Number of protein chains: 2
Amino acid sequence: MSEICNLADKLKAAGHKLTWPRQAVIEVLENHTDHLSHNQILEEGQKIYPKLSRATVYRTMELLCQLNLVRPLYLTDATQRFISATGGHHHLICSRCGTIIEFDHCTAEHLTQQLAEQYGYLIQSHLLEFQGLCPDCQ
Amino acid sequence: MSEICNLADKLKAAGHKLTWPRQAVIEVLENHTDHLSHNQILEEGQKIYPKLSRATVYRTMELLCQLNLVRPLYLTDATQRFISATGGHHHLICSRCGTIIEFDHCTAEHLTQQLAEQYGYLIQSHLLEFQGLCPDCQ
DNA sequence: GTACGTGCAAAGGTTTTGCATGGCG
DNA sequence: CGCCATGCAAAACCTTTGCACGTAC
């Protein structure tokens with residue numbers, strides 16, 4: 001997960017215990033790409049710490065969200081996924097086959113400042129999603 | 001739902017029967033704001049047609065999605081919600097209290113064309129979501 | 001009249017919770 | 001050593017499915 005680092009340190013700094021199950025979850029987050037779901041985190045985490053339970057994954061991710069270290073994201077299905085809590089995420093999604101292209105160029109930076117001023121928000125991240133049909137599905 | 005009109009006609013045009021339960025769902029969609037969930041549609045629909053069942057709401061919304069009349073959307077929770085299938089949707093969301101502001105100004109139009117050319121997608125809608133803290137929650 | 005749509009109820013899947021045990025600090 | 005975190009299992013919740021009946025066309 002691109003911009004995630006030192007999750008372990010931040011957890012301890014916030015006064016939480018650094019246990020083996022939590023280390024496993026953190027290692028998964030740091031070594032994999034974005035958009036991981038609870039299921040994926042569980043599966044990968046059990047390769048590191050086989051006793052890792054589903055409930056612990058849910059509780060750990062909830063904790064990381066509360067600490068603002070990760071953020072939930074929903075793509076084209078109802079599965080909760082997680083991304084780093086800062087920066088932008090840009091998706092071009094085919095509404096038929098579900099293919100997701102991540103693009104870099106984004107025009108949201110200017111708008112971020114503008115909205116921050118207009119509404120007094122402290123903006124931490126943004127998501128720009130285009131939906132349509134990919135060449136194959138048209 | 002702002003850009004939705006004549007759902008009934010479009011349903012019939014596509015060869016589907018216009019039943020009372022479906023009319024109730026359509027009336028709810030046309031007379032309420034965006035972002036309705038299955039639950040909200042069921043509750044409102046039952047005010048119009050009391051026997052309306054949850055299963056029918058799910059099936060009707062799935063049908064409307066297949067016909068490209070509405071589109072599923074996920075905001076800050078795992079609840080599936082629905083918006084009109086075209087145009088843009090712009091949200092400024094507080095990650096703590098969940099307040100959603102909808103803003104109008106959007107810089108995505110230019111990017112739409114650019115992405116369409118670059119990747120060959122036929123782009124139907126977009127979603128631009130900023131997440132942060134509202135003035136009260138900072 | 002026929003095929004499609006519906007309501008009900010059961011099944012399936014996912015997320016949350018309660019509780020006794022275990023391990024971090 | 002005390003408290004927090006964990007695993008397990010049950011509960012709660014949401015969504016899907018099967019089936020007999022009803023209704024739009």
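Keep in mind that what you see is a predicted model, and the values were worked out from it rather than measured. Every chain is numbered from 1, with letters handed out A, B, ... down the list of sequences.
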task: May I ask you to test the B:Gln40-B:Arg81 pair for a side-chain heavy-atom distance under 4.5 Å?
output: yes
- request: Output the single nucleotide from D:dT6, D:dC14, D:dG18 whose closest atom is nearest the side chain of A:Thr56.
  value: D:dT6
Distance in angstrom units between A:Arg22 CZ and D:dC4 C1', rounded: 8 Å
- prompt: Where the side chain of B:Thr19 is concerned, which of C:dT6, D:dG7, D:dA5 is the nearest nucleotide?
  reply: C:dT6
message: Would B:Glu44 and B:Lys47 count as a salt bridge (Lys or Arg N to Asp or Glu O under 4.0 Å) here? Give the steps.
response: CA-CA 5 Å; B:Glu44 294 300 313; B:Lys47 293 179 185 172; 3.1 Å; yes
Closest nucleotide among D:dC14, C:dG5, D:dG7 to the B:Asn39 side chain: D:dC14
field: Given C:dC24, D:dC8, C:dG25, the nucleotide with the shortest approach to the side chain of A:Trp20
entry: C:dC24
Nucleotide nearest B:Pro21 when distance is taken to its side chain, options D:dT6, C:dT6, C:dG25: C:dT6
5'-most by nearest nucleotide on DNA chain D - B:Gln80 or B:Lys51: B:Gln80
message: For a quick check of understanding: with a heavy-atom distance under 4.0 Å over all strands, which category does A:Arg59 fall into, base, sugar-phosphate or nothing?
response: base
- request: Rounded off to whole Å, could you give me the CD-to-C1' distance for the B:Glu62 and C:dT6 pair?
  value: 15 Å
Out of C:dA9, C:dT17, C:dC24, whichever nucleotide has its closest atom nearest the side chain of B:Ala55: C:dA9
- prompt: Does A:Gly120 offer a backbone N or O that forms a donor-acceptor pair with the side chain of B:Gln138 under 3.5 Å?
  reply: yes
statement: Closest non-hydrogen atoms of A:Ala108 and A:His126, given as atom of the first, atom of the second and distance, are CB-NE2, 3.7 Å
statement: note: B:Met61, atom CE; D:dT15, atom P; distance rounded to Å ~ 12 Å
task: Just compare C:dT6, D:dG2, D:dC14 and give me whichever is closest to any side-chain atom of B:Tyr58.
output: D:dC14
- request: Return the 5'-most residue of the pair A:Leu18, B:Leu52 with respect to DNA chain C, ranking by each residue's nearest nucleotide.
  value: B:Leu52
message: Below the 4.0 Å mark, does C:dG5 have OP1 or OP2 next to a side-chain nitrogen or oxygen of B:His16?
response: yes
query: In whole Å, what is the span from the CG atom of A:Leu42 to the P atom of C:dT16?
result: 14 Å
statement: Per ring pair (Phe, Tyr, Trp, His ring centres under 6.0 Å), A:Phe82 is matched among A:His89, A:His38, A:His32 by A:His38
query: When we call it a touch if two heavy atoms are under 4.0 Å apart, what does B:Arg54 touch: a base, just sugar-phosphate, or nothing?
result: base
